[in-house]
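Each remark here refers to the structure printed beneath this line.
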Number of protein chains: 2
Amino acid sequence: MAIPRAAKTQRRTRIQEEKEEIILEAALDVFSVNGFRGTTIDQIAEVAGMSKPNLLYYFRTKEAMHRALIDRVLFTWLEPLRAFDANGNPESEIRSYIRRKLEMARDFPRESRLFANEMLQGAPHVEDELRGPLKALVDEKAEVIRAWATAGKITKCDPYHLIFSIWSTTQHYADFDVQVRAVLGQEHAGEGRFEDAARYLEKLFVDGLGIRRS
Amino acid sequence: MAIPRAAKTQRRTRIQEEKEEIILEAALDVFSVNGFRGTTIDQIAEVAGMSKPNLLYYFRTKEAMHRALIDRVLFTWLEPLRAFDANGNPESEIRSYIRRKLEMARDFPRESRLFANEMLQGAPHVEDELRGPLKALVDEKAEVIRAWATAGKITKCDPYHLIFSIWSTTQHYADFDVQVRAVLGQEHAGEGRFEDAARYLEKLFVDGLGIRRS
DNA sequence: TGTAATGTTTACCAATCGGTCAAATTATCT
DNA sequence: AGATAATTTGACCGATTGGTAAACATTACA
């Protein structure tokens, strides 16, 4: 009778899963470049290769698409930080954290830019998640770092700003990709730039934090 | 008779200077948050406290406003890098460069976000400036850094990625301000965070680059 | 195979978009 | 003060916006 909104159904159809995936993929393309306000449903529809009302059959509003994307990104985005192990030794933990974050910048630049766009706008949709789960996780890992410093494994430093500096340096290669390419020029802008960055950043942090090399 | 567009006049009126300043100030507010596509002329007009046609009397199009802003920001943004002195000693040059960039993140966050927005969108309006003047300036300073390494004043490292890492770590405090505040929480989010960041970053880079302290 | 639920599209809506126009107002200069 | 140039605004335009209604097409399942 009335239109049975996809969201209302109990079981998700095969078509629903496929189409929702296609839509979110297209939405990520557009949102990550133009931000929320700058994105139109028509743009997403065109990239997704379906009609606008069809998008709105799966996601009632533009907000709903954005929300679904943000939720997904927020979760996977913190994976590397969660993997940060208190029992590991500082050198390998820092090194692999940097490497993992750089890999994400290389392999998921759109997700990084979506997040960056949200931050630039003042996090209107995710401020609660920042103050809650994110802060809690960072607090926990900051304590690990502080313990390392107390144990003399690394030099004393502000663990929060340490985490910020790893975030910013790695995400830079996704968010400011155009600038990085332009400055490096044709000759050094090949995909090798991520390995160069990894080599440079690992050394910067290992030496900068006074980590005894093993 | 016909409307004498402000742009056509030879001498700039006092009113012209004042109003153009007010408009650009308002435009910076809105563009820096919502990006180019996400910004409407009506929004700018409301912030500026004048009617939309009045804005368009001073700037013919939305692009013109954005262009004027970007040009202004691009110039002042590179000031700290230009001040980077080949004859200075590495420690003081690096330290003051970091400090200057952090001061800009603190005092001109909107300008930083405007630039970040432009980068996220793939620099559609400024790609030429990146490949031209910016690359030239970075190339020049990279040579300075390489010379320092050759002279044994700092450890060998990729000068381009070094510059990227200073850019990213400092601008982070402007572009990701919400996140920084949220993670630091009420207690540490006061204005002291910039001094904490300066202390941490200066140490990170001085030690990380193997600079002999004087 | 038939039919009910699910999926898709064309046509459309009111609101907002960037921008124009002409009339009205204000500042400037003699 | 009066004339002229500069400034400001309300009314408006066609295009685009987010979203809806309803008819049509397809799928899943008895």
Side-chain angles (χ1 to χ4, degrees), chain A residues 1-27 29-31 33-69 121 124-125, chain B residues 1-27 29-31 33-69 121 124-125:
Chain A
M1 179 94 213
I3 298 176
R5 281 277 180 197
K8 277 190 179 177
T9 62
Q10 297 297 341
R11 298 244 283 149
R12 287 165 49 107
T13 314
R14 170 187 57 89
I15 294 182
Q16 274 176 39
E17 299 207 14
E18 288 175 5
K19 292 299 171 73
E20 285 178 10
E21 191 52 42
I22 291 175
I23 292 170
L24 288 182
E25 184 70 14
D29 265 3
V30 187
F31 278 131
V33 170
N34 297 113
F36 181 76
R37 287 223 43 188
T39 294
T40 72
I41 302 181
D42 296 87
Q43 283 178 304
I44 301 175
E46 193 187 337
V47 174
M50 46 179 113
S51 65
K52 177 167 65 170
N54 205 3
L55 290 208
L56 293 163
Y57 172 74
Y58 292 101
F59 296 92
R60 266 198 268 277
T61 63
K62 192 168 81 162
E63 257 103 7
M65 299 180 210
H66 191 256
R67 177 88 244 166
L69 269 181
Q121 286 161 30
H125 305 98
Chain B
M1 184 80 219
I3 298 176
R5 281 276 182 197
K8 278 190 180 176
T9 62
Q10 296 298 339
R11 299 244 281 150
R12 286 164 51 100
T13 314
R14 170 185 55 89
I15 294 181
Q16 275 176 39
E17 299 207 14
E18 288 174 6
K19 291 301 169 72
E20 285 178 11
E21 191 52 43
I22 291 175
I23 292 169
L24 288 182
E25 183 70 15
D29 265 3
V30 186
F31 277 131
V33 170
N34 296 113
F36 182 76
R37 288 220 43 185
T39 294
T40 72
I41 302 181
D42 296 88
Q43 283 178 303
I44 301 175
E46 193 187 337
V47 175
M50 45 179 113
S51 67
K52 178 166 64 169
N54 204 5
L55 290 208
L56 293 163
Y57 171 73
Y58 291 102
F59 297 92
R60 266 199 265 276
T61 64
K62 189 168 84 162
E63 258 102 7
M65 299 180 210
H66 191 255
R67 180 85 244 165
L69 270 180
Q121 287 161 29
H125 305 98

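Every chain is numbered from 1 and lettered A, B, ... according to where its sequence line falls, protein lines coming before strand lines.
B:Ile41 has its CD1 atom 15 Å from the C1' atom of D:dT9, to the nearest Å. Rounded to an integer number of Å, the gap from A:Tyr58 OH to C:dT8 C1' is 8 Å. Between A:Asp42 atom CG and D:dT20 atom C1' the separation is 14 Å, expressed in whole Å. Nucleotide C:dG7 holds its C1' atom 8 Å from the NZ atom of A:Lys19, rounded to whole Å. Atom CG of B:Leu56 and atom P of C:dC17 are 13 Å apart (whole Å). At whole-Å resolution of the value, NZ in B:Lys62 and C1' in D:dT16 are 12 Å apart. Remark: P of C:dT10 and CE of A:Met50 are 14 Å apart, rounded to the nearest angstrom. Between the C1' atom of D:dT27 and the CD atom of A:Glu18 lies a distance of 13 Å, rounded to the nearest Å.
For B:Asn54 and D:dT9, the shortest distance from a side-chain N or O to OP1 or OP2 is below 4.0 Å. An OP1 or OP2 oxygen of D:dA6 is reached within less than 4.0 angstrom by no side-chain nitrogen or oxygen of B:Gln16. Phosphate contact (OP1/OP2 of C:dT8, side-chain N/O of A:Ser51, threshold under 4.0 Å): absent. Of the side-chain N and O atoms in A:Tyr57, none sit less than 4.0 angstrom from OP1 or OP2 of C:dT8. Taking only side-chain nitrogens and oxygens, A:Arg37 comes nearer than 4.0 Å to OP1 or OP2 of C:dC17.
Among residues two or more places apart in sequence or in another chain, the side-chain contact (heavy atoms from CB on, under 4.5 Å) test is passed with A:Asp29 by A:Val47, A:Arg110.
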Please list, for nucleotides 28-30 of chain C, all pairs of protein and nucleotide N/O atoms separated by less than 3.5 Å.
| unit_1 | atom_1 | unit_2 | atom_2 | d |
| --- | --- | --- | --- | --- |
| C:dT28 | OP1 | B:Arg14 | NH2 | 3.1 |

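The heavy-atom pair separating A:Phe59 from A:Ala68 by the smallest distance is CE2-CB, 4.0 Å.
B:Met65 has its side chain within reach of B:Leu55: a pair of non-hydrogen atoms, C-beta onward, lies under 4.5 Å apart. The shortest distance between side-chain heavy atoms of A:Lys19 and A:Tyr57 does not fall below 4.5 Å. Under the 4.5 Å side-chain criterion, counting only non-hydrogen atoms from C-beta, B:Phe36 is in contact with B:His125.
Taking for each of A:Lys52 and B:Gln43 the nucleotide of DNA chain C with the nearest heavy atom, the 5'-most of the two is the partner of A:Lys52.
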Side chain to side chain contact (heavy atoms under 4.5 Å, CB included) between A:Ile22 and A:Met50, worked out
CA-CA 10 Å; A:Ile22 291 175; A:Met50 46 179 113; 3.9 Å; yes
Please evaluate residues B:Tyr58 and B:Ile15 with respect to the criterion side chain to side chain contact (heavy atoms under 4.5 Å, CB included), reporting the C-alpha separation (whole Å), side-chain torsions for both, the decisive distance (0.1 Å), and the verdict.
CA-CA 11 Å; B:Tyr58 291 102; B:Ile15 294 181; 3.5 Å; yes
